[in-house]
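Data first, discussion second: the structure below is written as structure tokens.
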Number of protein chains: 2
Amino acid sequence: MTRNAKQRKTRDDLLSAAGTLLREVGYGGLSTRKVAETAGVPLSQIHYHFGSMQGLLLALLEVENDRLLDRQTAMYESDRPLSEKWVMACRYLHDDLESGYVRVLHEMMYAALSDVEIRHRIQQQLDGWKDLLTSVAQQAIDRYGPIGPFTAGELGILVGQSFLGLETLLLLDAVKASEDGYNAICKIGGLIAEMERRAGDG
Amino acid sequence: MTRNAKQRKTRDDLLSAAGTLLREVGYGGLSTRKVAETAGVPLSQIHYHFGSMQGLLLALLEVENDRLLDRQTAMYESDRPLSEKWVMACRYLHDDLESGYVRVLHEMMYAALSDVEIRHRIQQQLDGWKDLLTSVAQQAIDRYGPIGPFTAGELGILVGQSFLGLETLLLLDAVKASEDGYNAICKIGGLIAEMERRAGDG
DNA sequence: TTCATTTTCGGTCGGTCGACCGAATTAAAT
DNA sequence: ATTTAATTCGGTCGACCGACCGAAAATGAA
């Protein structure tokens, strides 16, 4: 293994360990020592590679969010009907919840409440999600005409914040609420399918 | 001041101080000493009145949530048209955000991710919100007929999780997103008004 | 007043935290 | 082979944490 490869491995191990711990013990339960121990690397490597605990978390945030946003973007760029894309998005939600990614991202959002640098990053990434969902909504409006009184931006965000809120419910294991929440979101896919059928291109 | 009154004052001061600090420095920035200092009472009073830091937080959670849920319940029980109630709900959201209550409740939700006792409380309270919103949705369905393919429970949660997600965006100062989010939520009130007009009882 | 109970108080305990340091090790350059 | 720089490592620093203690004060009953 070359020097650079080894260096990168240590870096990745630290990022991976931070993600694992974030899922297991949450943001408040994180510590440099636990991360280093979980990664199986010396404590000092955290400061060497990321400068500080915050630096590590910022890097982790970027890695995790890019992963999700890229996948979602690719999915929406495929040329399936929108209703199928919606079903895929619902399935992604389910998968990401099981894998722990949702937990990681939400932990970072809470970290953002008390850390301006993390907040700025989160804001940029939320902008990315808004742009994606808005463009999807715009395509739907272009094809099927206006949807209620909403602009594409409003529609995109309405969808986004519904998913966001549902994620919160699911993370909290609010069973009574989250079941209906997931069903409601899924049924919206049915509404989209109906819209496609009326336009004759389902 | 009687003995009980003084005792209650100390208790309330601690709860109020915990809320203040939760708004200012977040859950992670809390400490028994800061709370005691902010409240202007000795450190040991926290353990005397609440047994532990967690006990204090559970009490705070109850106080803050009851306040909001009671107000919202009373508002929905008034006999204004639903569209007006919706506008009120949007105004409450705005007020609660400015006052910091939203921040406190969301900080507690974050804490709930890593603390089972807090999580159980949060779950109970989310159930309370679901019940309220579901009954409102049920009334609307009774009066105006089915709304899309949604049950009352699904509709209530759909609304609830949209507000929840919007709160997250607003807390994070995700300006680009939250403006459209707030507008979209408000416009739903317009849709409700239209529904009322069609039924001839707006 | 005397006494028992509740409440308040300052102080301290063991423990964990993030940050940092200087020595040791490794890899590349000459 | 020797030098130089990059990287790894164990260990330690001061700061802060929640929990707890025993003494002291306040309170109400006798």
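The structure displayed is predicted, hence computed values, not measured ones. Protein chains get the first letters and strands the later ones, always in sequence-line order, with residue 1 at the start of each.
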Side-chain donor-acceptor contact under 3.5 Å, A:Asp173 with B:Gln123: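 No, no side-chain donor-acceptor pair sits under 3.5 Å.
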Could you state the atom-to-atom distance from [atom1] of [X] to [atom2] of [N] in whole Å?
X	N	atom1	atom2	answer
A:Ile46	C:dG18	CD1	C1'	10 Å
A:Glu37	D:dT8	CD	C1'	18 Å
B:Lys9	C:dT8	NZ	P	11 Å
B:Leu30	D:dC17	CG	C1'	12 Å
A:Leu14	C:dG18	CG	C1'	15 Å
B:Gln45	C:dG11	CD	P	16 Å
A:Arg11	D:dT8	CZ	P	12 Å
B:Asp115	D:dG18	CG	C1'	14 Å

- request: Report which part of the nucleic acid A:Leu43 touches: base, sugar-phosphate, or nothing (heavy-atom distance under 4.0 Å, all strands).
  value: base
Does [X] make a side-chain N or O approach to OP1 or OP2 of [N] shorter than 4.0 Å?
X	N	value
B:His49	C:dT8	yes
A:His47	C:dC20	no
A:Ser31	C:dC17	yes

- request: Examine distances only and state if a side-chain atom of B:Lys187 and a backbone atom of A:Pro149 form a donor-acceptor pair shorter than 3.5 Å.
  value: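 Yes: the side chain of B:Lys187 pairs with the backbone of A:Pro149.
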task: Could you say whether A:Pro42 or B:Lys34 is positioned toward the 5' end of DNA chain D, judged by the nucleotide with the nearest heavy atom to each?
output: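 The residue mapped nearer the 5' terminus is A:Pro42.
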Side chain of [X] only, heavy atoms from C-beta on: which candidate in [options] is closest?
X	options	answer
A:Tyr48	D:dA6, C:dT8, D:dA19	D:dA6
B:Thr32	C:dT8, C:dA19, D:dG18	D:dG18
B:Arg33	D:dT8, C:dC20, D:dG18	D:dG18

task: Would you state whether a donor and an acceptor, one from the side chain of A:Ser44 and one from the base of D:dC9, lie under 3.5 Å apart?
output: yes
message: Looking at every heavy atom in both B:Ala177 and A:Ile157, which two are closest together, and how far apart are they?
response: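 Where B:Ala177 meets A:Ile157 most closely, the heavy atoms are CB-CD1, 3.4 Å.
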- request: Calculate, to the nearest 0.5 Å, the distance between atoms CD and CZ belonging to B:Glu98 and B:Arg103 respectively.
  value: 15.0 Å
- prompt: Does B:Arg71 make a cation-pi contact with B:Tyr92 (under 6.0 Å, within 45 degrees of the axis)?
  reply: yes
